[in-house]
Amino acid sequence: MKNNLNSMQQAAIKHIKGPLLIFAGAGSGKTRVLTHRIAHLIEKGVDPYNILAITFTNKAAKEMKERAAAIADNSDRCWISTFHSACVRILRIDIDKIGYNTRFSIFDAADSERLIKDILEELNLDTKLYPAKYIASVISGQKNELKTPDDFYKASAGDFNKSNIAEVYNLYQQRLKLNNALDFDDIIFNTVELFKQCPDVLERYQNRFYYIMVDEYQDTNNAQYMLVSLLAKKYQNICVVGDDDQSIYGWRGANIQNILNFNKDFPKAKVIKLEQNYRSTKTILGSANSVISNNVTRSEKSLWTENISGEKIKVYKAENERDEAAFTAVTIKLAVQNGAKYSDFAVLYRTNSQSRPVEDRFVISDIPYRIYGGIRFYERAEIKDLLSYLKAIDNPSDNIALTRIINVPRRNIGKITIQEVQQYAYENGISMYYAIKESDQMPKLTPRATVSLEKFANLLDGFSDFAATNTITAVIKKVLADTDYIKSLQDGTVEAANKVENINELLTKAVEFENANPEEPTLSAFLAEVSLVADIDNYEEQADTVSLMTMHSAKGLEFANVFIAGFEEGIFPTYRSATSGNLDDLEEERRLCYVGITRAKQTLHLTWPASRIRQGREMNSAVSRFIKEIPQDNYEYVYMQGRSTTTKPPISPRKAIAEKQVNPYRKEIPAPKNKPFNFSVGDRVRQMRYGAGEIIAIDSAGADYEVTIKFDIAGEKKLMANLLKLVPEN
DNA sequence: GTTTCTAATATTTTT
DNA sequence: TATTAGAAAC
């Protein structure tokens, strides 16, 4: 079993007692080491029940579980899970000891923001000065530092803005409690709180988790650090794995010092460095090493590989984003014609919005792809609606969920009525659900509103009764049936059909969940799982598609061929990080660049458009400064195959580098003239929103045309030609 | 109470 | 530019 492990890896696996810090460079076989370490512990007679392994993503947890199961007996008795899932599991049992109900809901970012907006309005705070998103990030930051509203208030030292935010934070926590809800940060915060307040509970888990492993330790924030420290304090059998060069979550509170100071916290810690890379070619790895060596704050290390030198990195300067995407598509197509698989390719970018042009081009070129990130499945409106029904059934105190569905589908309960219910609920210190039950006590309500509310309450009660004795799948089906939800969606648009598809997908997920958790398929557990998944968790290795994702999402993955798109100043590094004057920001961007480059096994393409349209304006771009940090011998400029007229003549790398680095440089583009309209009556066309149809009339309307189209599904619509995005049907 | 329009906002990354 | 939230109109 251990034949294929190098001496450092073996040393890491065999170290059992006492603290251990593993610096695991990119592609150094980190997951192998962790899983073999679990197997080794079990082989040496450790009860898997006493092993805890913590990861950041469900995907990593799943992979570790599968790989451990393949080489160790009874590994399913270990706890292998994310920080958040592990903490939810702990809190479901004991959170009542610190004054919460064990049937709490989990609020996602959107729920939190909604709540903050309500509070800002209530406190009469100007949302211009205090944007909800900003407040949410401040509160999150405080929680990651384990600071209560009171702590924050005291620390604000009379600063007017800070005290105001502290007040919002204070109310926010009260409201969460009233809703019987926790946000993401509370999940960690309250587990730490539970351990601090209840030493008996802490000791129980200390004794249980005799061996602790933490993956991606460089990404832990202070709350997570405290959690791990508390658990490991008694027996000190803690093994943390990480790579300070891959710390890319500083903006989310990750504290790189946690890994750099590990030997201060545990002076007896053994430190092992895994520096042999098994993933990339010498050229790729050398380039990554060269880039990251420009960072000042890092522990010294040098990754090396026995792999071949491989091809040079290819750099492509595109005219614009469409050209950039076209180059990517052509290159992939060509490789696939020569025997490569689509799944060998990934297109990585800095921001989710960059996926759009790539996606457009791939559709045209008929390249199968899968996008990870962006709008997550569980954030889609129709899914949130249904989940809100489930949340309201599971936790009647959840006012946010209740407010979301009280008039969805429309049931004649308007804004005024909802406000009245809200106010009554706050005044009487009860949830909106119970307030509705007393709607006859609210003098301002019309009899009609009261009837609507009563009907709604009966509907919910019916669901609750049903849920007590039926499966989750059955409950979802009943909600759909009794509310006529699907029917309310249908408006003939393509989006509506997608929504129905998404709902079916949710039903599939529910069935999967029930099959995976036969002993306890509770609604609470399902909702918690659903709240804590990331899009990347659904990454399928088998599917033969090109993967599109941000470099953040790509961490932990590897691909034979990688394209990094938008390799330009202002995008990567971001304008903000380049201009903030804070060296840490730029260093984090550079670490992200290191992560991006080291995803590639065989080939790497760096592309950027000489001009791009941002927020409606065309802007010229200069190549990213990071390209200067790659040795010149490691890369070469390339040009698109079979294309000469539209691409400008080649320029030397040197000249490209010398190009203006000041960015952004803005240039207004003239307002579009009336575009010619190239369709006539009788043409079959396709439109984004309404799908296929036939043009039945074209009328002149001032500078524009008014086009009447009879759509196959949506029926007849009159639309302005300028606003339409019409294409011929085929 | 519902629909339609306007205006603001966005572009950093997410458990 | 594209999307979305809030306001005005119906």
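Given the structure is predicted, the values throughout are model-derived calculations rather than measurements. Letters A, B, ... are given to chains in the order of the sequence lines, protein chains preceding strands, and every chain is numbered from 1.
- Distance CZ (A/F184) to C1' (B/dT14): 8 Å, rounded to an integer number of Å.
- Using a 4.0 Å cut-off between a side-chain N of Lys or Arg and a carboxylate O of Asp or Glu, A/D219 and A/K555 qualify as a salt bridge.
- Take the nearest nucleotide of DNA chain B for A/F83 and for A/R410: the residue whose nucleotide is more 5' is A/R410.
- At a threshold of 4.0 Å, the pair A/R625-A/E629 does not count as salt-bridged, since none of the basic side-chain nitrogens sits closer than that to a carboxylate oxygen.
- Rounded to a whole Å, the CG atom of A/D183 is 18 Å from the P atom of B/dT14.
- A/R350 has a carboxylate O that lies under 4.0 Å from a charged side-chain N of A/E589, or vice versa, which qualifies the two as a salt bridge.
- Nucleotide B/dT15 holds its C1' atom 13 Å from the CD1 atom of A/I54, rounded to whole Å.
- At a threshold of 4.0 angstrom between heavy atoms, the contacts of A/T417 are confined to the sugar-phosphate backbone, with no base atom among them.
- With respect to the salt-bridge test (charged N to carboxylate O, under 4.0 angstrom), the residues A/K391 and A/D111 qualify.
- Regarding A/I571, its CD1 atom lies at a distance of 11 Å from the P atom of B/dT13, rounded to whole Å.
- Taking only side-chain nitrogens and oxygens, A/N412 comes nearer than 4.0 Å to OP1 or OP2 of B/dT2.
- Only one option out of A/F572, A/Y349, A/Y249 pairs with A/H552 in a ring-ring contact (aromatic ring centres under 6.0 Å, His included); it is A/Y249.
- Between the CG atom of A/D186 and the P atom of B/dT15 there is a distance of 18 Å, given to the nearest Å.
- In this structure a side-chain-to-backbone donor-acceptor pair under 3.5 Å is present from A/T598 to A/V595.
- The separation of C/dT4 from B/dT13, taken at their P atoms, amounts to 15 Å, rounded to a whole angstrom.
- Summarising the geometry, the separation between CG on A/D360 and C1' on C/dT1 is reported as 13 Å, rounded to the nearest angstrom.
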In 5'-to-3' order, the base (B), backbone-only (S) or no-contact (-) status of each nucleotide in nucleotides 5-10 of chain C, using a 4.0 angstrom heavy-atom cut-off, is -S----
- Task: Begin with the C-alpha distance, continue with both residues' side-chain angles, and end with the deciding distance and a verdict on side chain to side chain contact (heavy atoms under 4.5 Å, CB included) for A/M213 and A/V241.
- Result: CA-CA 8 Å; A/M213 280 172 248; A/V241 190; over 6 Å; no
5' to 3', nucleotides 4-12 of chain B under a 4.0 Å protein heavy-atom cut-off (B base, S sugar-phosphate only, - none) gives ------BBB
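- Atom P of nucleotide C/dT4 and atom CZ of A/R380 are separated by 12 Å, given to the nearest angstrom.
- If you take OH of A/Y249 and P of B/dT14, they are 6 Å apart, rounded to a whole angstrom.
- Contact annotation: A/S553 side-chain N/O to B/dT13 OP1/OP2 distance is not under 4.0 Å.
- Across all strands, A/N407 comes closer than 4.0 Å only to sugar-phosphate atoms, never to a base (heavy-atom distances).
- Residues forming a ring pair (Phe, Tyr, Trp, His ring centres under 6.0 Å) with A/F104 (at least two apart in sequence, or on another chain): none.
- Contact check on A/K509 versus A/E529 returns no salt bridge, with no Lys/Arg side-chain nitrogen under 4.0 Å from an Asp/Glu carboxylate oxygen.
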